[in-house]
Enquirer: 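My questions will all concern the structure given below.
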Amino acid sequence: MNNQQIAQIFYEIAEILEMKDIPFKPWAYRKAAQSIESLTRDIKEIYEENGLKSLKEIPGVGESIAKKIEELIKTGHLRAYEKLKRKMPVNLEELGSIQGMGPKTIQKLYKKLKIKNLKELEKAAKSGKIRKIAGFGEKRERELLENIGMKKKKTKRFLLGLIFPEAKEIRDSLKQLREVKKIEIGGSLRRMKETIGDVDILAVSNDPEKTMDFFTKRKEVVKILVKGLNKSSVRLKSGINADLRLIQMESYGSALQYFTGNKSHNIKLRNIAREKGLKLSEYGIFKGNRKIAGKTEEEVYKRLGLRYIEPELREDTGEIESAKQNKLPNLIKHYDIKGDLHMHSDYSDGNNTIKEMAEYASILGHKFIAITDHGFYKIAGGMDEKEIINQKKEINRIRGIKIFHGIEANITKEGLINVPDRILKDIDVVIAAIHSGFKQDKQAITKRLLTAMDNKYVNIIAHPTGRLLFKRKGYEFDLQRIFDKAKERGIALEINAFLNRLDLNDVNVKLAVDNKVKLSIGTDAHSKEQLDFYKLGIAVARRGWAKKEDIINTYSMQKLERFFRR
DNA sequence: GCCGTTTTCGGCCCGACTGTTTTCAGTCG
C-alpha cells in the first residue's frame with residue numbers, strides 16, 4: 001500500500017459519503033487524501049516512527065483517519081471502506097471521469113437505473129432512459145453521451161517546455177493591441193509546473209469584442225470552444241485548450257491570484273481571510289460589502305498578513321506558513337544564472353559545432369558554458385581518447401565566452417566510470433550519469449551511485465533519477481544517502497533542464513536544498529536552440545525553493561573552477 | 001471527520017454556469 005493508493009481510497013470514501021449527502025465528512029477525507037498524496041516520504045515510514053501519533057501530525061489526519069491508515073498499512077484492507085463499497089458497488093473512478101457526472105448524479109442513476117459503469121451509462125443514455133428521470137432532460141442526456149465520447153476529465157497534460165513558448169507568443173500578440181491594458185498568463189503555466197493541463201490568460205481590455213475576436217482568430221487556434229465577452233476558450237494546434245478571461249482593472253490582482261492557484265493554496269488563503277472576518281474571492285477582499293483590496297496581488301497577500309508569495313511556490317507545501325512568519329526563501333532569479341553546464345556538440349550526438357553553441361549561449365547572456373559530450377559511449381556517438389584531445393585543442397582556440405571542457409561519462413552497472421582516470425584528470429568538468437541498467441533494484445542503484453561518486457574526478461551527477469516525463473518513471477534509490485555523499489565529496493546534483501527530463505524535479509530539489517546539497521543546472525542541449533531550456537531549469541529550481549547560493553551556475557568563474565577542482 | 005492567536009464545540013471556500021427549474025441543485029474550477 002503506497003501513499004497514492006491510500007489517498008485514492010480516501011478520495012473514494014469522500015465520493016461515496018458525498019452521494020449519501022453526509023455533510024462535511026467528504027471535505028475531511030478529501031483533505032486527508034490530498035495531504036497524503038503530497039507527502040514526500042513513505043507513509044509507512046512515518047507510521048513506523050511513532051505510530052498513530054506521527055500519523056496525526058499529517059495535516060487533515062485526525063484520530064479516525066489515522067486508525068484507518070494504520071489498518072491499511074497493517075492489513076492492506078479497510079473494513080469501513082469495503083462496507084461502503086458493498087452498498088455502492090459502482091465504478092466511481094470510471095463514472096466520475098465523465099464531465100458532468102458528480103457524486104449526486106452517479107448516486108441517482110444507480111438508484112433509478114442501477115447504472116454501475118461506463119458501459120451501462122452509455123447504453124441507458126442511448127436508449128433514452130435517462131431523460132425520463134426527474135431532474136434530467138433531453139439536453140442532459142445528449143450532453144452525457146457527448147462527454148462519454150470525450151472522456152473530458154482525462155484530457156492529457158502537456159510538457160511545460162512545449163506550451164510555454166506557444167502561450168507566450170499569444171500573450172505577446174495580445175499585448176500589442178492598444179485596447180489591452182494589462183495581460184498575464186495564469187494557472188499552472190505561471191507556476192511553471194512541469195506539465196500543463198490548459199493555458200489561462202487574463203487581461204484587462206477596453207474593447208472586449210475586438211480582443212476576443214483577435215484571440216479566437218489567432219493562427220494557432222484550430223477550434224473555438226466558447227466565445228463570450230468575459231471568457232473565450234479555444235483549442236490550439238498543440239492540442240491544449242487556452243482560455244482568455246477579461247476582468248476589471250480593480251479586480252486584476254485578486255483575479256490573477258485566483259486563476260494562478262493552485263487550488264489548495266487558494267482554499268488556504270480563503271480560510272485565512274475568513275479567520276480575519278473577511279471574504280476573499282476572485283473579485284477582491286471584502287469586509288462585509290466593502291472591497292478593501294484586489295487591485296494587485298501584492299495587496300491581496302499583504303491584506304491577509306502574508307509576505308508576497310512567488311507563483312512557483314504556490315502549491316500549499318508550506319509556503320503560506322513561511323510567508324506568515326516572514327521566512328520565505330529569496331529565490332534564485334533569472335539574472336543570477338551565469339552559464340549552462342551540460343550540452344553536446346557534433347563531437348558526439350549534438351547537431352551544432354562548439355562555436356555555434358558558444359555563440360548562441362552568448363546571445364542568451366551566458367558568461368560561460370560547459371561542452372560535455374559523451375565519452376567512450378558508442379550508442380551516443382561518444383568520443384574516443386584522440387577526439388577528446390582534439391576537442392580540448394579546439395576549445396582553446398575559440399574566442400568569446402568561457403568554455404569549460406567537460407565530458408559526460410557513463411556509470412557502469414558496477415558503479416565505475418567508463419572513462420579512464422588518466423583522461424578525466426585533464427578535463428575541467430566531469431559529469432557522470434546512468435544511461436543503462438535502469439531495472440536494478442533500489443539497493444543496487446544506490447550502491448552504484450555511491451561508488452561512482454567516490455571517483456575523485458566526478459563533479460556532477462546528471463539527471464539523477466533517470467525519469468522521462470510521460471515515458472519512464474526513473475529508477476529508485478536512497479535519496480538521503482546520495483545527498484550525504486554529494487555533500488561529503490563536493491559533488492553537485494544536476495537539475496537537468498531538458499524539456500522532458502526536469503530531473504531532479506521540484507520536490508527532490510526542495511529536499512536537496514533542505515540538505516544543503518549543491519545543484520547544477522544543465523540543459524543537455526543537443527542543438528543550439530535547446531539552450532533555451534535553461535529557463536525551465538530555473539523554474540524547477542525556484543519551485544524547489546532554491547536560492548542563488550544553492551546553484552553553482554551562479555558562481556563566479558573562479559569559484560566555479562575551485563568547485564570543479566575541489 | 002478535523003481543527004482552534006477570538007473556539008475542545010461549532011464551524012467547515014467561493015462564485016459561475018447550466019439545465020431544469022419556478023427559486024435551485026449539481027458540477028466545475
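The figures that follow rest on heavy atoms only: side chains count, while hydrogens, waters and symmetry mates do not. Naming convention: chains lettered A, B, ... in sequence-line order (proteins, then strands); numbering from 1 in each chain.
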Enquirer: Sub-3.5 Å donor-acceptor pair from the side chain of A:Glu94 to the main-chain atoms of A:Leu118, do we have one?
Expert: yes
Enquirer: Within the structure shown, what part of the strands sits under 4.0 Å from A:Leu17 by heavy-atom distance: base, sugar-phosphate, or nothing?
Expert: nothing
Enquirer: Return whichever of A:Gly137 or A:Gly102 has its heavy-atom-nearest nucleotide of DNA chain B closer to the 5' end.
Expert: A:Gly137
Enquirer: Between the base of B:dC13 and the side chain of A:Arg274, is there any donor-acceptor pair under 3.5 Å?
Expert: no
Enquirer: For a quick test of reading the model: is some side-chain N or O of A:Lys108 closer than 4.0 Å to OP1 or OP2 of B:dA25?
Expert: no
Enquirer: Round to a whole Å and report the spacing from OH of A:Tyr81 to P of B:dG1.
Expert: 17 Å
Enquirer: When rounded to the nearest Å, what value does the distance between C1' atoms of B:dG19 and B:dT23 take?
Expert: 14 Å
Enquirer: Is A:Glu122 close to A:Leu145 at the side-chain level, that is, under 4.5 Å between some pair of heavy atoms?
Expert: yes
Enquirer: What is the distance, rounded to the nearest whole Å, between atom CD of A:Glu138 and atom P of B:dT20?
Expert: 9 Å
Enquirer: Would one find more than 12 heavy atoms of other residues, nucleotides or ligands at under 6.0 Å from atom NZ of A:Lys291?
Expert: yes
Enquirer: Output the single nucleotide from B:dG19, B:dT27, B:dG1 whose closest atom is nearest the side chain of A:Lys139.
Expert: B:dG19
Enquirer: Please give, in whole Å, the distance from B:dT20 C1' to A:Leu144 CG?
Expert: 14 Å
Enquirer: On a whole-Å scale, what distance lies between the C1' atoms belonging to B:dG11 and B:dT6?
Expert: 13 Å
Enquirer: If we take the C1' atom in both B:dA16 and B:dT5, what is their distance in whole Å?
Expert: 35 Å
Enquirer: Using the C1' atom as the point on both nucleotides, what is the distance between B:dT7 and B:dC3, in whole Å?
Expert: 9 Å
Enquirer: Using the P atoms only, state how far B:dC13 lies from B:dC17, rounded to an integer number of Å.
Expert: 22 Å
Enquirer: Report yes if at least one side-chain N or O of A:Trp27 is closer than 4.0 Å to OP1 or OP2 of B:dG1; otherwise report no.
Expert: no
Enquirer: Of A:Pro23 and A:Leu278, whose closest DNA chain B nucleotide lies nearer the 5' terminus?
Expert: A:Pro23
Enquirer: Could you label the plane-to-plane angle of the A:Phe498 and A:Phe533 rings as parallel, tilted or perpendicular, counting under 30° as parallel and over 60° as perpendicular?
Expert: perpendicular
Enquirer: Describe the nucleic acid contact of A:Glu275 in one word from base, sugar-phosphate, nothing, applying a heavy-atom distance below 4.0 Å.
Expert: base
Enquirer: What nucleotide among B:dT20, B:dC2, B:dC14 has an atom nearest to a side-chain atom of A:Arg140?
Expert: B:dT20
Enquirer: Evaluate the side chain to side chain donor-acceptor pair (under 3.5 Å) criterion for residues A:Ser64 and A:Lys68: first the C-alpha distance (whole Å), next the side-chain angles of each, then the deciding distance (0.1 Å), finally the verdict.
Expert: CA-CA 6 Å; A:Ser64 163; A:Lys68 291 189 170 74; 3.1 Å; yes
Enquirer: Rounding to the closest angstrom, what is the interatomic distance between B:dT20 and B:dA25 at atom C1'?
Expert: 10 Å
Enquirer: Should A:Lys263 be listed as having a side-chain N or O under 4.0 Å from OP1 or OP2 of B:dG29?
Expert: no
Enquirer: If the test is side chain to side chain contact (heavy atoms under 4.5 Å, CB included), which one of A:Thr75, A:Ile43, A:Leu72 qualifies with A:Met1?
Expert: A:Leu72
Enquirer: In terms of side-chain geometry, is the basic nitrogen of A:Arg30 or A:Glu18 positioned less than 4.0 Å from the acidic oxygen of its partner?
Expert: yes
Enquirer: Here's a test for you: under side chain to side chain contact (heavy atoms under 4.5 Å, CB included), which of A:Ile332, A:Asn508, A:Val509 qualifies with A:Leu519?
Expert: A:Val509
Enquirer: State whether the aromatic ring of A:Phe24 stacks on the base of B:dC2, taking stacking to mean ring centres under 5.5 Å apart and ring planes under 30° to each other.
Expert: no
Enquirer: Between the side chains of A:Tyr11 and A:Glu93, is a donor N or O closer than 3.5 angstrom to an acceptor N or O?
Expert: no
Enquirer: Quick one: the side chain of A:Tyr258 and the base of B:dG29, do they pair up donor-acceptor inside 3.5 Å?
Expert: yes
Enquirer: Contact class for A:Pro26 (heavy atom, under 4.0 Å): base, sugar-phosphate, or nothing?
Expert: nothing
Enquirer: Can you measure A:Ile285 atom CD1 to B:dC13 atom P for me and round it to whole angstrom units?
Expert: 17 Å
Enquirer: Where does DNA chain B pair, written as one dot-bracket string 5' to 3', with Watson-Crick or G-U pairs under 3.5 Å, ( ) inside the strand, [ ] for crossing pairs and | for another strand?
Expert: ((((....)))).((((((....))))))
Enquirer: Select base, sugar-phosphate, or nothing to describe what A:Pro59 touches, counting heavy atoms under 4.0 Å on all strands.
Expert: sugar-phosphate
Enquirer: Report yes if a side-chain nitrogen or oxygen of A:Thr105 is closer than 4.0 Å to either non-bridging phosphate oxygen (OP1 or OP2) of B:dG26; otherwise report no.
Expert: no
Enquirer: Taking only the side-chain nitrogens and oxygens of A:Lys68, find out if one of them lies under 4.0 Å from OP1 or OP2 of B:dG1.
Expert: yes
Enquirer: Check every atom of B:dT27, B:dC13, B:dG1 against the side chain of A:Asn271 and return the nucleotide holding the closest atom.
Expert: B:dC13
Enquirer: Roughly, in whole Å, what's the span from CD1 in A:Ile106 to C1' in B:dC28?
Expert: 14 Å
Enquirer: Could you tell me how far apart A:Leu246 (CG) and B:dA16 (C1') are, to the nearest whole angstrom?
Expert: 16 Å
Enquirer: Output the rounded distance in Å from CZ (A:Arg245) to C1' (B:dG15).
Expert: 12 Å
Enquirer: Is there a side-chain polar atom (N or O) of A:Tyr283 under 4.0 Å from OP1 or OP2 of B:dA16?
Expert: yes
Enquirer: Cation-pi check for A:Tyr110 against A:Lys114: NZ or CZ below 6.0 Å from the six-membered ring centre and within 45 degrees of the axis, yes or no?
Expert: yes
Enquirer: In whole angstrom, give the distance that lies between atom CG of A:Asp21 and atom P of B:dA25.
Expert: 11 Å
Enquirer: Report which part of the nucleic acid A:Lys104 touches: base, sugar-phosphate, or nothing (heavy-atom distance under 4.0 Å, all strands).
Expert: sugar-phosphate
